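Worksheet for the structure shown next.
Since we're looking at a predicted model, the values are computed, not measured.
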Amino acid sequence: MIRDSLPVDGHIDQILDSVAKHGIVAVEAPPGTGKTTRVAPALMKLGERTNSSERLGSGKLGVGKKTYLVQPRRLAARAVAERIASEDGTQVGERIGYSVRFDHRVSKQTELIVATEGVLIRKLLSDPTLLDVGVVILDEFHERSLDA
C-alpha cells in the first residue's frame, strides 16, 4: 500500500530506539506530522525489533502483546482506529481495533487497540499487571484528565 510521507516518518527509528532504551518517551510535534497514525503502528512492532533480553519499563516486550493507544474522546478513538487500519490495508477489528464505552471492534488478532481513558482504567482495575500489554501510548496528552 502506498501512503503519503509524513514528517514523523524520518524519526520513527529514533523514537523506537528511545522507547526500547528508556521505556517512557515524550514526542512533541505540530499537528498533522503523523504522531498518532505512524508512531502507534510502529510501536506495535517494537517487540519484534527488540532482543528478548531487553526490557521496556517493568514488563517484557514481545510478539503477541497488545499496544494501547489512548485517546481522550470516543469519536477520536474510532476515527484514529479507522485511519490506522486504512493505512495498514486491513479492516477495523482485525490487526487494528478500538474499544470505547458501549462500542468495541477488536478480535483475538487485534494488536493495536485505540481506547479511551475509561477503558484503560477499567483494564487496569481488572488486571493491574497488564501482562498482555507491551506498550501504552497516551495521545493528546495536553487534553488529559486527572484520572489519566
Side-chain angles (χ1 to χ4, degrees), residues 1-51 53-90 92 94-101 103-106 110-125 127-148:
M1 165 177 263
I2 298 174
R3 58 185 186 173
D4 293 333
S5 177
L6 292 173
V8 79
D9 290 341
H11 302 279
I12 294 293
D13 286 337
Q14 180 183 0
I15 293 167
L16 296 179
D17 290 344
S18 293
V19 170
K21 182 176 180 182
H22 302 289
I24 297 175
V25 174
V27 176
E28 181 182 2
T33 57
K35 298 178 303 293
T36 300
T37 59
R38 300 293 168 84
V39 174
L43 285 168
M44 266 182 4
K45 300 173 184 141
L46 188 60
E48 298 168 11
R49 285 179 36 134
T50 307
N51 181 317
S53 66
E54 292 182 86
R55 297 177 68 77
L56 173 64
S58 62
K60 284 196 178 222
L61 289 173
V63 177
K65 296 229 177 196
K66 306 286 186 203
T67 297
Y68 272 78
L69 172 57
V70 182
Q71 291 289 322
R73 293 171 307 284
R74 288 182 279 181
L75 182 61
R78 287 190 293 261
V80 165
E82 289 172 9
R83 173 63 185 222
I84 295 172
S86 172
E87 287 192 358
D88 189 53
T90 61
V92 174
E94 293 174 357
R95 280 178 29 107
I96 315 299
Y98 67 82
S99 184
V100 299
R101 193 169 83 185
D103 189 10
H104 310 279
R105 298 225 8 224
V106 295
T110 304
E111 299 173 38
L112 172 63
I113 300 169
V114 185
T116 55
E117 294 173 2
V119 168
L120 182 63
I121 290 168
R122 281 191 304 278
K123 181 157 183 61
L124 280 165
L125 289 172
D127 177 17
T129 62
L130 295 180
L131 289 176
D132 66 335
V133 178
V135 177
V136 174
I137 304 161
L138 300 176
D139 198 16
E140 301 294 342
F141 194 76
H142 61 283
E143 294 184 29
R144 292 287 144 212
S145 69
L146 185 58
D147 291 333

First locate atom CD of Glu117, then atom CG of Leu138, and finally report the distance between them rounded to the nearest 0.5 Å. 8.0 Å
For a 4.5 angstrom cut-off between non-hydrogen side-chain atoms, does Tyr68 reach Val135? no
With rounding to the nearest 0.5 angstrom, report the CG to CG distance, Leu120 to Leu130. 6.5 Å
Listed pairs under 3.5 Å, donor-acceptor, residues 27-35 side chains, sequence neighbours left out:
{"unit_1": "Thr33", "atom_1": "OG1", "unit_2": "Pro30", "atom_2": "O", "d": "3.0"}
{"unit_1": "Lys35", "atom_1": "NZ", "unit_2": "Ala29", "atom_2": "O", "d": "3.0"}
{"unit_1": "Lys35", "atom_1": "NZ", "unit_2": "Pro30", "atom_2": "O", "d": "3.1"}

If you round to the nearest 0.5 Å, how far is OG1 of Thr67 from CD of Glu111? 8.0 Å
For a 4.5 angstrom cut-off between non-hydrogen side-chain atoms, does Ile15 reach Val8? yes
Could you tell me which residues satisfy salt bridge (Lys or Arg N to Asp or Glu O under 4.0 Å) with Arg101, sequence neighbours excluded, listed by chain and number? none
How long is the gap from NZ on Lys21 to CG on Leu16, to the nearest 0.5 Å? 14.5 Å
Please walk me through it: do Lys66 and Leu112 pass side chain to side chain contact (heavy atoms under 4.5 Å, CB included)? CA-CA 6 Å; Lys66 306 286 186 203; Leu112 172 63; over 6 Å; no
Can you name the nearest heavy-atom pair linking Gly97 to Ala81, along with the distance? O-CB, 3.7 Å
Holding to salt bridge (Lys or Arg N to Asp or Glu O under 4.0 Å), I want the full list of residues that pass it with Arg78, two or more places apart in sequence or in another chain. Asp103
Within the distance-only criterion (no hydrogens, no angle test), does the side chain of Lys65 pair as donor or acceptor with the backbone N or O of Leu131 below 3.5 angstrom? yes
Between Thr110 and Ile96, is any pair of side-chain heavy atoms under 4.5 Å apart? no
By salt bridge (Lys or Arg N to Asp or Glu O under 4.0 Å), which residues pair with Asp9, not counting sequence neighbours? Arg38
Could you check Asp88 against Arg95 for salt bridge (Lys or Arg N to Asp or Glu O under 4.0 Å), going step by step and ending with a plain yes or no? CA-CA 8 Å; Asp88 189 53; Arg95 280 178 29 107; 2.9 Å; yes
Rounded to the nearest 0.5 Å, what's the gap from CG on Asp17 to NE2 on His11? Could you check? 13.5 Å
With Arg105 via salt bridge (Lys or Arg N to Asp or Glu O under 4.0 Å) - residues at least two apart: none
For a side chain to side chain contact (heavy atoms under 4.5 Å, CB included) check, start with the C-alpha distance between Tyr98 and Val92, then their side-chain angles and the critical distance, and finish with the verdict. CA-CA 8 Å; Tyr98 67 82; Val92 174; 3.6 Å; yes
Criterion side chain to side chain contact (heavy atoms under 4.5 Å, CB included) against Val70, the qualifying member of Ile137, Val136, Thr116: Val136
Residue set satisfying side chain to side chain contact (heavy atoms under 4.5 Å, CB included) with Val80, at least two apart, ordered chain then number -> Thr36, Leu69, Gln71, Ile84, Val114
Hey, could you give me the CG/CG distance between Asp127 and Asp132, rounded to the nearest 0.5 Å? 6.0 Å
